[in-house]
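All values reported here derive from a predicted model rather than from experimental measurement. Residue numbers begin at 1 in each chain, while the letters A, B, ... track the order of the sequences.
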There are 2 protein chains.
Amino acid sequence: MTVSITDVARAAGVSASTVSRALRGRPGVSEEVRAQIAAVAAQLGYIASRSASSLASGRTYTIGVVAPYIGRWFFGTVLDAAEQVFSAAGYDVLLYNLGSPDARKRFFTSLPVRKRVDAVLSLLIPDPAETAALRSLGVPLAGTVGGARDGFTVVGIDDRAGAESAVRHLVNLGHRRIGMISGASGPLQWTTPIDRRQAYLDVLAEAGIEHDPALEADGGYTVEGGERAMTALLATSRPPTAVFAQSDEMAMGAMRALRRHRLTVPDDVSVVGFDDHELAEVVGLTTVSQPVAGQGAEAARLLLRQLDEPDAERPADKVRMPIRLVLRETTAPPNPRGPQ
Amino acid sequence: MTVSITDVARAAGVSASTVSRALRGRPGVSEEVRAQIAAVAAQLGYIASRSASSLASGRTYTIGVVAPYIGRWFFGTVLDAAEQVFSAAGYDVLLYNLGSPDARKRFFTSLPVRKRVDAVLSLLIPDPAETAALRSLGVPLAGTVGGARDGFTVVGIDDRAGAESAVRHLVNLGHRRIGMISGASGPLQWTTPIDRRQAYLDVLAEAGIEHDPALEADGGYTVEGGERAMTALLATSRPPTAVFAQSDEMAMGAMRALRRHRLTVPDDVSVVGFDDHELAEVVGLTTVSQPVAGQGAEAARLLLRQLDEPDAERPADKVRMPIRLVLRETTAPPNPRGPQ
DNA sequence: AAACTGAACGCAAACGCTTGCGCAACAACG
DNA sequence: CGTTGTTGCGCAAGCGTTTGCGTTCAGTTT
């Protein structure tokens with residue numbers, strides 16, 4: 001049916017071993033024979049069977065990527081960038097979309113990547129048991145987003161610094177009542193919400209502003225959650241004049257809530273987000289920009305490097321990408337008349 | 001190192017063949033032996049090698065998914081849904097992100113999925129040569145989005161009907177100067193822009209409105225393109241009082257352009273989009289909603305069905321998902337004073 | 001009681017490649 | 001002109017499964 005390596009060997013008048021070596025650029029084949037084999041292979045349309053070659057060699061030329069919600073902008077963008085790097089290097093990517101808890105459980109118990117991948121890139125934070133499962137694969141591991149894990153090369157950003165710049169911006173504009181829309185950390189050691197919150201507290205303290213727990217609300221990192229959180233903040237006795245949302249999605253939800261309350265941004269309330277979502281510019285959202293695609297690409301590159309030089313020293317187990325506060329139209333000095 | 005099928009066989013006191021049959025639920029194994037083997041396998045942590053089993057059986061239990069920009073909301077969402085269906089059915093997915101032309105060329109020339117997948121789902125429209133390449137794989141094929149292709153099971157929506165409902169809505173509101181922001185079809189037989197445009201023309205004609213070519217602008221299906229297109233429309237001698245954007249991204253770009261021109265939506269200009277992007281609700285965009293995730297899931301299901309019953313008659317080569325006009329806040333009757 | 005069933009299981013041959021090793025052939029050396 | 005290297009290539013043994021076929025054995029049939 002399909003042409004196999006022995007077909008090529010026969011047609012080229014050599015042995016299968018020579019074809020194998022020739023096509024993969026291994027030494028032990030003269031240049032002329034190599035060229036001849038390449039020509040024959042091309043003419044026959046020969047493509048090596050991956051299963052056979054990985055069975056024989058142990059190498060799969062495949063990377064496993066596990067990610068939570070790939071439909072969401074952040075993860076989709078990271079995945080997109082990582083995939084480009086992998087495929088440019090000749091690797092295929094096996095995608096595991098672990099958004100739902102049972103998909104996640106299914107993955108970690110049956111571990112379908114075993115013996116199928118040369119490395120895995122994780123876009124989610126595995127818990128200790130999951131980490132152990134991944135490590136048991138015996139392949140290089142890398143991840144994006146915060147949360148240091150043993151055996152992982154992780155690339156992320158300085159969440160503290162980013163959040164500090166956002167909150168400090170609000171302080172510098174003269175705001176004193178600054179709310180925060182955060183996301184619970186949940187059961188996992190996903191440190192981002194914690195770090196961003198700490199930065200918020202630090203900046204308030206450094207500005208001599210007393211922290212008011214009533215100004216914090218949980219937005220669960222979704223648009224709807226952000227809307228609910230903002231609504232809750234507006235219902236307090238003294239609503240904030242500015243809010244720092246830990247993600248752009250939540251910021252957009254907050255803006256929606258404000259609009260529903262007939263409040264204008266930034267005249268009544270300033271809003272600053274985090275991420276620099278592709279649509280942040282569209283809605284004029286001031287936010288702290290992080291290189292999302294950049295993180296995916298960088299993590300992918302680091303993984304490939306580990307594959308190329310397995311015993312090379314790993315200089316940085318944790319690389320931090322730059323962040324930058326992007327000023328747009330949703331922040332302004334507090335309105336002297338106060339909200340509404 | 002890792003435990004193989006012979007290890008399990010030895011531990012269970014049976015042959016490897018029996019282990020293989022037992023674990024895969026094949027007949028020819030008594031229930032007690034099967035249970036015993038299952039227990040031993042679980043206890044040893046045995047997981048069959050995919051490469052070996054697919055080499056031997058020809059089955060890979062893997063689906064290839066080729067998609068253009070997986071970072072974009074639409075494709076990310078489709079992919080997300082499809083992946084869930086596949087993985088729930090025990091299939092892995094090999095992802096090929098073919099956004100850039102050379103990634104695309106690379107894919108279709110080296111065809112890395114050959115002998116690696118049991119089926120392929122295409123989220124892009126392959127040109128004739130690419131279609132031939134895919135067909136040469138000899139596996140079931142399915143695709144989303146319009147464009148009928150031989151050998152493909154395709155699921156999509158009725159673009160004409162959707163666009164008609166959007167434009168008709170504007171007409172019913174009383175608009176007579178209705179612009180359209182479209183996207184060029186490009187070299188591929190991507191019929192969506194064509195269909196949506198035809199619907200626009202049809203509705204205008206049916207309403208007795210003369211078509212003005214100056215009211216059409218190309219937005220390339222991106223936010224920036226939509227902004228440029230709207231800017232161009234506003235620069236004409238008689239700007240439209242309403243615009244139909246062929247995608248929500250372009251609609252958002254248009255809204256941004258309008259805001260920059262200090263025009264308000266919908267008082268000065270009405271805007272209606274297409275897709276029901278996850279953020280359409282956030283910006284209050286009136287749009288025609290299509291089941292994006294639904295299309296991905298449905299295409300995946302149809303593919304699995306073909307895999308299960310290879311020679312079943314395929315009742316519908318082309319399935320159409322329902323659409324629905326969602327009224328929000330960006331459309332209103334024309335302002336009697338006219339724009340600006 | 002002989003012959004015939006299935007059912008349950010083992011044997012061994014694929015599947016298509018990779019790779020350590022061996023063996024020519026030939027060049028370069030003392 | 002023997003020796004020692006190189007270089008280029010073929011042999012054959014895997015890699016871990018699946019599966020067609022053969023064997024055994026308990027349980028029907030005549």
Side-chain angles (χ1 to χ4, degrees), chain A residues 1-38 40-41 44-62 90 92 111-118 138, chain B residues 1-38 40-41 44-62 90 92 111-118 138:
Chain A
M1 196 62 210
T2 55
V3 20
S4 80
I5 198 172
T6 54
D7 298 327
V8 177
R10 197 172 316 120
V14 296
S15 74
S17 353
T18 302
V19 174
S20 174
R21 282 187 273 255
L23 260 25
R24 290 177 310 132
R26 287 285 138 101
V29 182
S30 69
E31 269 321 309
E32 44 185 344
V33 170
R34 188 186 302 274
Q36 217 261 322
I37 290 176
V40 171
L44 260 48
Y46 169 71
I47 295 178
S49 153
R50 290 273 199 156
S51 343
S53 94
S54 71
L55 175 59
S57 70
R59 294 275 281 166
T60 65
Y61 285 97
T62 301
D92 287 338
L111 225 46
V113 291
R114 166 159 278 160
K115 286 267 149 203
R116 282 204 84 181
V117 299
D118 292 341
Chain B
M1 197 62 210
T2 54
V3 19
S4 79
I5 199 173
T6 55
D7 299 327
V8 177
R10 196 172 317 121
V14 295
S15 74
S17 352
T18 302
V19 174
S20 174
R21 284 188 270 256
L23 261 23
R24 290 178 310 132
R26 288 285 138 102
V29 182
S30 69
E31 269 320 310
E32 43 185 344
V33 171
R34 188 187 301 275
Q36 216 259 322
I37 289 176
V40 171
L44 260 46
Y46 168 71
I47 295 178
S49 154
R50 289 272 197 154
S51 338
S53 90
S54 70
L55 175 59
S57 69
R59 293 276 284 165
T60 65
Y61 285 97
T62 301
D92 288 338
L111 226 45
V113 290
R114 165 160 277 160
K115 287 264 144 205
R116 283 205 84 180
V117 299
D118 292 342

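- One atom, CZ of A/Arg59, and another, P of D/dC15, lie 19 Å apart when rounded to the nearest Å.
- Atom CZ of A/Arg114 and atom OG1 of B/Thr2 lie 7.0 Å apart (nearest 0.5 Å).
- Between B/Ser15 atom OG and B/Arg21 atom CZ the span is 6.5 Å, to the nearest 0.5 Å.
- Residue A/Asp7 contributes atom CG, which lies 11 Å from atom P of C/dC15 at whole-angstrom precision.
- Taking only side-chain nitrogens and oxygens, B/Tyr61 never comes nearer than 4.0 Å to OP1 or OP2 of D/dT17.
- The distance between atom CZ of B/Arg114 and atom P of C/dC17, rounded to the nearest whole Å, is 12 Å.
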### Query
What string of B, S and - do you get for nucleotides 7-13 of chain D 5' to 3' if you count protein non-hydrogen atoms under 4.0 Å?
-SBBBB-

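- Mapped onto DNA chain D by nearest heavy atom, A/Leu55 and B/Arg26 fall at different nucleotides, with A/Leu55 at the one closer to the 5' end.
- Separating the CG atom in B/Leu44 from the CD1 atom in B/Ile5 is a distance of 12.5 Å, to the nearest 0.5 Å.
- Here C/dC17 presents its P atom at 10 Å from CG of A/Leu23, a figure rounded to the nearest Å.
- Residue B/Arg50 holds its CZ atom at 16.0 Å from CZ of A/Arg50, rounded to the nearest 0.5 Å.
- Look at CZ on B/Arg116: it is 14 Å from P on C/dC17, rounded to the nearest Å.
- In this structure, CD1 of B/Ile5 is placed 14 Å from P of C/dC11, rounded to the nearest angstrom.
- For the atom pair A/Arg116 CZ and A/Leu111 CG, the distance stands at 12.5 Å (nearest 0.5 Å).
- Using a 3.5 Å distance cut-off with no hydrogens or angles, the side chains of A/Thr62 and A/Asp92 do not pair a donor with an acceptor.
- Distances shown here put every side-chain N or O of B/Ser20 at or beyond 4.0 Å from the OP1 or OP2 atom of D/dT17.
- Distance alone, capped at 3.5 Å, places no donor-acceptor pair between the B/Arg59 side chain and the B/Ser53 backbone.
- Of the listed nucleotides (D/dT19, C/dT19, D/dG16), C/dT19 has the atom at the smallest distance from the side chain of A/Arg24.
- Between the NZ atom of B/Lys115 and the P atom of C/dG16 there is a distance of 7 Å, rounded to whole Å.
- As a whole-Å value, the separation of A/Arg10 CZ from C/dG16 C1' is 13 Å.
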